[in-house]
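Read the structure below first, then the notes.
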Amino acid sequence: MDLRPKGSASVFILLVLFKFSEAQNLCSVPNNLPLILISENNKIGDVVTTLNAEDGVMASITSQDPEGFFSIDEYRLIAETVLDYETFNPSKPHEVNIECTKDGSPSTTLSLKIAVEDKNDNPPVFEQSQYTLNVDELSKVDTRVGLFTAIDPDKDDRLYYQLDSPEGEFDLEASFNPNILVKKRLDYDKVKEVTMMLYVQDTPIGSTAEVSHTASTTIVVNIIDIDNRPPWFQPCTETEINTSKICLMSGYNGNVILNQQAPGPLSLEPGPLMAIDGDKGRNDPIGYMFLGGNNEDIFQIDTDTGSITMREPITEAGTIVRTVMAFQKENADQFATTTVILKVVESSIFPPKFVKSSYEGFISEDAGVDSLVLESKTSNRALRVQATDEDFSNGYNPNLRFEIVDGTDFSITPEGFILMAKAVSPGTLNLEMRVVDTTNEESSTASLSVEVTPGGQLVKTGEFSSGDMAAVGASLAVVIVLCLVCIGLMVHRIKGHNADWKKLSEASVFRSTLGGGSGGPKEGVQYSNEGLQHDDDSGSVNSKLAADLENKLESGLKPQQRRGSAPKTMTPSAVLLTTSSPQADSSSLAETIDSEKEVKPILTKERRNEEGYKAVWFKQDIDPNTKEEVVIIPDTGEADGDREEDDDSEGENRPDVDSDVEEGVSSDL
């Protein structure tokens with residue numbers, strides 16, 4: 001049987017079903033959303049959703065989980081609390097059951113699922129406000145040394161990091177990857193600790209987002225000193241070579257007394273013998289030992305302290321050199337060596353001592369470095385300290401050394417003078433000096449008080465007052481004047497003697513040439529050069545004065561009369577005396593001419609300038625073949641008016657020469 005409805009019957013059935021469906025949906029959710037979202041941090045009273053319903057439909061909440069979060073007002077679902085995503089479980093949304101009723105219609109039940117939507121409302125957080133990180137020195141660049149991350153309650157946020165390192169020693173691998181990398185060579189001796197700041201934010205670095213939350217933490221990096229250096233003997237001078245550091249030390253020196261055994265450890269300079277770990281941050285224990293040597297039975301070294309002691313006396317003078325090795329007890333591969341030079345000296349009974357137990361000196365603050373300390377404020381005399389040694393018969397020990405104990409403002413020279421080593425403020429400094437016998441290191445001390453006065457109150461060493469300088473200048477001026485006077489007198493006498501000797505030389509030449517020999521004057525005729533008395537030649541002899549002399553001679557002038565009895569009105573002149581003489585042979589005349597360097601005996605009124613001629617001018621010609629003797633006699637009288645001024649500079653200092661010439665001429669006459 002066919003039970004399918006036919007025609008209008010089918011339409012009726014559809015209408016019945018529609019009515020039933022409409023009766024079942026008195027209310028509904030907009031768009032029939034299976035899950036309703038609400039943002040966290042909402043306000044109380046915010047509308048979560050509004051139901052779709054017919055007029056006259058009543059809606060009420062029959063149950064909810066959790067209770068009390070929502071309420072309904074007519075068709076609006078209201079939030080009764082502030083919702084927080086961080087406390088919300090996404091796998092279990094909030095559930096609200098609502099019933100819609102209407103008179104004459106069956107009720108409708110709705111089950112709403114409500115989820116809380118996350119917002120960027122929380123900053124990131126580091127677990128600690130400060131972290132500590134240990135990093136070995138000399139770690140390679142780009143070595144990862146630490147990772148520190150932050151947590152953001154806003155679960156979907158991505159975090160970005162930034163590191164602030166003072167000198168760029170460290171940096172991050174990436175802004176979103178906070179692995180810390182080494183970026184510079186680390187040296188424990190230079191940097192022992194680095195403090196950095198690590199920042200984090202929930203937006204990209206440089207982002208302009210309106211909402212950005214940040215956080216920060218402190219990272220303290222301790223640089224760890226590794227075992228990379230050997231022991232260093234002390235004291236030493238640290239020196240860097242490229243990226244390595246070494247410490248230079250020249251060795252130790254000491255003295256031992258001949259035939260005596262030192263009772264304890266030997267005193268060394270600069271001492272005591274000691275080494276430290278070159279890695280100062282580790283300070284590993286150091287051991288000591290001798291290397292080689294020929295005196296193992298005389299000296300021994302403490303393996304822990306490095307002290308050197310004697311086992312027996314030394315019987316021979318000389319110098320002993322030992323090599324000492326210092327090594328790390330935990331790592332013997334780290335070691336260093338040095339030399340110890342011991343000088344064997346004879347014993348001394350007395351140590352050197354200062355002459356005085358205390359000294360006092362003065363210096364101006366503006367004296368300058370290396371200036372001498374003075375004995376007093378008003379003296380230029382430098383203060384000098386001295387010491388004696390009774391082991392020497394005269395008290396003088398050449399092997400003494402002076403030094404200032406525990407002070408760097410002043411120093412003492414080997415001669416005992418005290419120098420200012422650096423600028424010092426005004427005031428009084430009380431110092432201690434020490435004198436040391438360098439052969440055995442015996443010493444004694446004395447006190448030194450140096451008063452540093454304000455600038456300008458002391459006379460600086462080597463300076464003179466204006467009065468002193470004036471006296472010195474006057475003395476020098478007197479000395480210079482005396483020197484000039486002496487030089488003038490010497491020049492005056494030299495010129496006078498040269499003129500006299502020139503006249504005598506010319507007379508001797510002509511006498512030898514014209515007379516044929518060196519014999520004395522002979523009787524004969526006298527000649528003078530009156531005819532040339534007006535000649536301009538200043539070197540010729542005035543003939544008028546010669547004539548006057550001739551008249552005086554004829555009137556009976558005594559042959560032996562000296563210069564002292566001659567008339568003072570006479571002026572220098574010359575008289576030529578010629579006498580007949582026996583005929584000289586030709587050979588004798590030739591020898592005479594040769595002996596006088598071939599001077600030709602030609603007497604003429606005319607002047608002859610040819611080389612090899614000597615000429616004297618007379619009133620009348622003289623025949624050289626007559627063999628007559630010619631003598632030139634210088635006169636001793638005073639100068640005439642024409643020659644007075646010229647002869648003043650030459651004739652004042654010629655009494656001896658003129659006297660001798662006059663005496664010879666008078667004898668000839």
(message) Tell me the closest heavy-atom pair linking Thr50 and Arg76, and the distance in Å.
(response) OG1-CG, 3.7 Å
(request) For Leu429 and Val424, work out which heavy atoms get closest and say how close. (result) CD1-CG1, 3.8 Å
(request) Verify salt bridge (charged side-chain N to carboxylate O under 4.0 Å, His left out) between Arg401 and Glu403, making sure each step is shown before the conclusion. (result) CA-CA 7 Å; Arg401 180 181 74 248; Glu403 59 189 17; 3.3 Å; yes
(message) Testing the basics here: between Asn380 and Leu374, what is the closest heavy-atom pair and its distance to 0.1 Å?
(response) O-CD2, 4.0 Å
(request) Decide yes or no for Ile314 and Asn259: does some side-chain heavy atom of the first lie under 4.5 Å from some side-chain heavy atom of the second? (result) no
(message) Under the rule for salt bridge (Lys or Arg N to Asp or Glu O under 4.0 Å), what residues qualify as partners of Asp304, not counting sequence neighbours?
(response) Lys329
(request) List for me each residue that meets salt bridge (Lys or Arg N to Asp or Glu O under 4.0 Å) alongside Lys192, sequence neighbours excluded, and say none if there are none. (result) none
(message) I need the Ile298 CD1 to Glu312 CD distance, nearest 0.5 Å.
(response) 5.5 Å
(message) Around atom CZ of Phe335, are there more than 12 heavy atoms from other residues, nucleotides or ligands closer than 6.0 Å?
(response) no
(message) Has Gln261 got a side-chain atom pairing as donor or acceptor with Met310's backbone, closer than 3.5 angstrom?
(response) yes
(message) Do Asn89 and Ser91 pair up side chain to side chain, a donor and an acceptor below 3.5 Å, judged on atom types alone?
(response) yes
(message) What's the separation between atom CD1 in Ile286 and atom CH2 in Trp232, rounded to the nearest 0.5 Å?
(response) 12.0 Å
(request) List the steps, then state whether side-chain contact (heavy atoms from CB on, under 4.5 Å) holds for Ser425 with Glu365. (result) CA-CA 6 Å; Ser425 301; Glu365 66 170 332; 5.6 Å; no
(request) Taking atom types as modelled, find out whether Ser449 and Glu360 have a side-chain donor-acceptor pair closer than 3.5 angstrom. (result) no
(message) Quick check on Glu67: does its CD atom have over 12 non-hydrogen neighbours (other residues, nucleotides or ligands) under 6.0 Å away?
(response) yes
(message) Hydrogens and angles aside, do Asn41 and Asp84 bring a side-chain donor and acceptor to less than 3.5 Å of each other?
(response) no
(message) With a 4.0 Å cut-off on N to O distance, would you call Glu375 and Arg384 a salt bridge?
(response) no
(request) Mind jotting down which residue pairs meet the ring-ring contact (aromatic ring centres under 6.0 Å, His included) criterion with at least one end in residues 152-197? Sequence neighbours excluded, please. (result) none
(message) Using 0.5 Å steps for rounding, measure from the CD1 atom of Ile412 to the CD1 atom of Ile418.
(response) 5.0 Å
(request) Applying side-chain contact (heavy atoms from CB on, under 4.5 Å), run through Leu342 and Thr319 and close with a yes or a no. (result) CA-CA 6 Å; Leu342 301 173; Thr319 301; over 6 Å; no
(message) What I want to find out is whether Glu117 reaches Lys119 closely enough, with some N-O distance under 4.0 Å, to be called a salt bridge.
(response) no
(request) Might you confirm whether atom CG of Asp406 has over 12 heavy atoms from other residues, nucleotides or ligands at distances under 6.0 Å? (result) no
(request) Return the minimal non-hydrogen interatomic distance between Ala326 and Pro231, and the atom names on each side. (result) O-CG, 3.7 Å
(message) Taking side chain to side chain contact (heavy atoms under 4.5 Å, CB included) as the definition, give me every residue that meets it alongside Phe350, ordered by chain and number, with sequence neighbours left out.
(response) Asp389, Glu390, Asp391
(request) State, to 0.1 Å, how close Met249 and Pro270 come at their nearest heavy-atom pair, and which atoms those are. (result) CE-CG, 4.1 Å
(message) Under a 3.5 Å cutoff, is there a donor and acceptor pairing between the side chains of Gln334 and Arg229?
(response) no
(request) Could you check if a side-chain atom of Met289 sits within less than 4.5 angstrom of a side-chain atom of Phe327, using non-hydrogen atoms only? (result) yes
(request) Decide yes or no for Thr339 and Tyr252: does some side-chain heavy atom of the first lie under 4.5 Å from some side-chain heavy atom of the second? (result) no
(request) Return yes when atom CD of Glu415 has more than 12 non-hydrogen atoms of other residues, nucleotides or ligands closer than 6.0 Å, and no otherwise. (result) yes
(message) Holding to ring pair (Phe, Tyr, Trp, His ring centres under 6.0 Å), I want the full list of residues that pass it with Phe410, two or more places apart in sequence or in another chain.
(response) none
(request) Among residues two or more places apart or on two chains, list those pairs meeting side chain to side chain donor-acceptor pair (under 3.5 Å) that have a residue in residues 129-140. (result) Asn134-Asn222
(message) Using a 3.5 Å distance criterion without hydrogens, assess whether the side chain of Asn399 forms a donor-acceptor pair with backbone atoms of Asp437.
(response) no
(message) Check this for me: Lys245, atom NZ, are more than 12 non-hydrogen atoms of other residues, nucleotides or ligands nearer than 6.0 Å?
(response) yes
(message) Just to verify, which of Leu372, Leu383, Val452 counts as forming a side chain to side chain contact (heavy atoms under 4.5 Å, CB included) with Ile363?
(response) Val452
(message) Restricting to side chain to side chain contact (heavy atoms under 4.5 Å, CB included), what partner residues turn up for Leu35, sequence neighbours left out?
(response) Leu37, Pro93, Lys113, Ala115
(request) Side-chain contact test, heavy atoms from C-beta onward, threshold under 4.5 Å: evaluate it for Val47 versus Leu77 and give yes or no. (result) no
(request) Report yes if some heavy atom in the side chain of Gln300 is under 4.5 Å from a heavy atom in the side chain of Ile308; otherwise report no. (result) no
(request) If a pair satisfies side chain to side chain donor-acceptor pair (under 3.5 Å) and one of its residues is in residues 264-281, list it, with sequence neighbours excluded. (result) Glu238-Lys280, Asp277-Gln328
Just distance, no hydrogens or angles: give the donor-acceptor pairs under 3.5 Å from side chains in residues 178-187, sequence neighbours left out.
{"residue": "Asn179", "atom": "ND2", "partner": "Glu173", "partner atom": "OE1", "Å": "3.3"}
{"residue": "Asn179", "atom": "ND2", "partner": "Asn177", "partner atom": "OD1", "Å": "3.4"}
{"residue": "Lys183", "atom": "NZ", "partner": "Asp142", "partner atom": "OD1", "Å": "2.6"}
{"residue": "Lys184", "atom": "NZ", "partner": "Glu167", "partner atom": "O", "Å": "2.7"}
{"residue": "Arg185", "atom": "NH2", "partner": "Thr243", "partner atom": "O", "Å": "2.7"}
{"residue": "Asp187", "atom": "OD1", "partner": "Asp189", "partner atom": "N", "Å": "3.1"}

(request) Apply the test side-chain contact (heavy atoms from CB on, under 4.5 Å) to residues Ile219 and Thr195: give CA-CA distance (whole Å), side-chain angles for both, the deciding distance (0.1 Å), then the verdict. (result) CA-CA 6 Å; Ile219 301 176; Thr195 300; over 6 Å; no
(request) Would you check if Gln201 and His213 make a side-chain contact, meaning some heavy-atom pair closer than 4.5 Å? (result) no
(message) Which residues pass the salt bridge (Lys or Arg N to Asp or Glu O under 4.0 Å) test with Asp409, not counting sequence neighbours?
(response) Lys422
(request) Give a yes-or-no answer on whether the side chains of Thr428 and Glu451 include a donor-acceptor pair shorter than 3.5 Å. (result) no
(request) Please examine the side chains of Val145 and Leu133, heavy atoms only from C-beta on, and report whether any two atoms are closer than 4.5 Å. (result) yes
(request) State, with a plain yes or no, whether a side-chain heavy atom of Tyr359 is found less than 4.5 Å away from one of Met433. (result) yes
(request) Report the C-alpha distance between Thr337 and Leu291 in whole Å, list the side-chain angles of each, state the deciding distance to 0.1 Å, and finish with yes or no for side-chain contact (heavy atoms from CB on, under 4.5 Å). (result) CA-CA 9 Å; Thr337 62; Leu291 293 179; 3.8 Å; yes
(message) Please check: side-chain N/O of Glu40 versus main-chain N/O of Tyr85, any donor-acceptor pairing under 3.5 Å?
(response) yes
(message) Test of understanding: with salt bridge (Lys or Arg N to Asp or Glu O under 4.0 Å), list the residues that count as partners of Glu346, not counting sequence neighbours.
(response) none
(message) Please enumerate all residues that pass ring pair (Phe, Tyr, Trp, His ring centres under 6.0 Å) together with Tyr288, with sequence neighbours excluded.
(response) none
(request) Kindly give the heavy-atom pair with the smallest separation between Lys353 and Ser444, and that separation in Å. (result) CA-OG, 3.3 Å
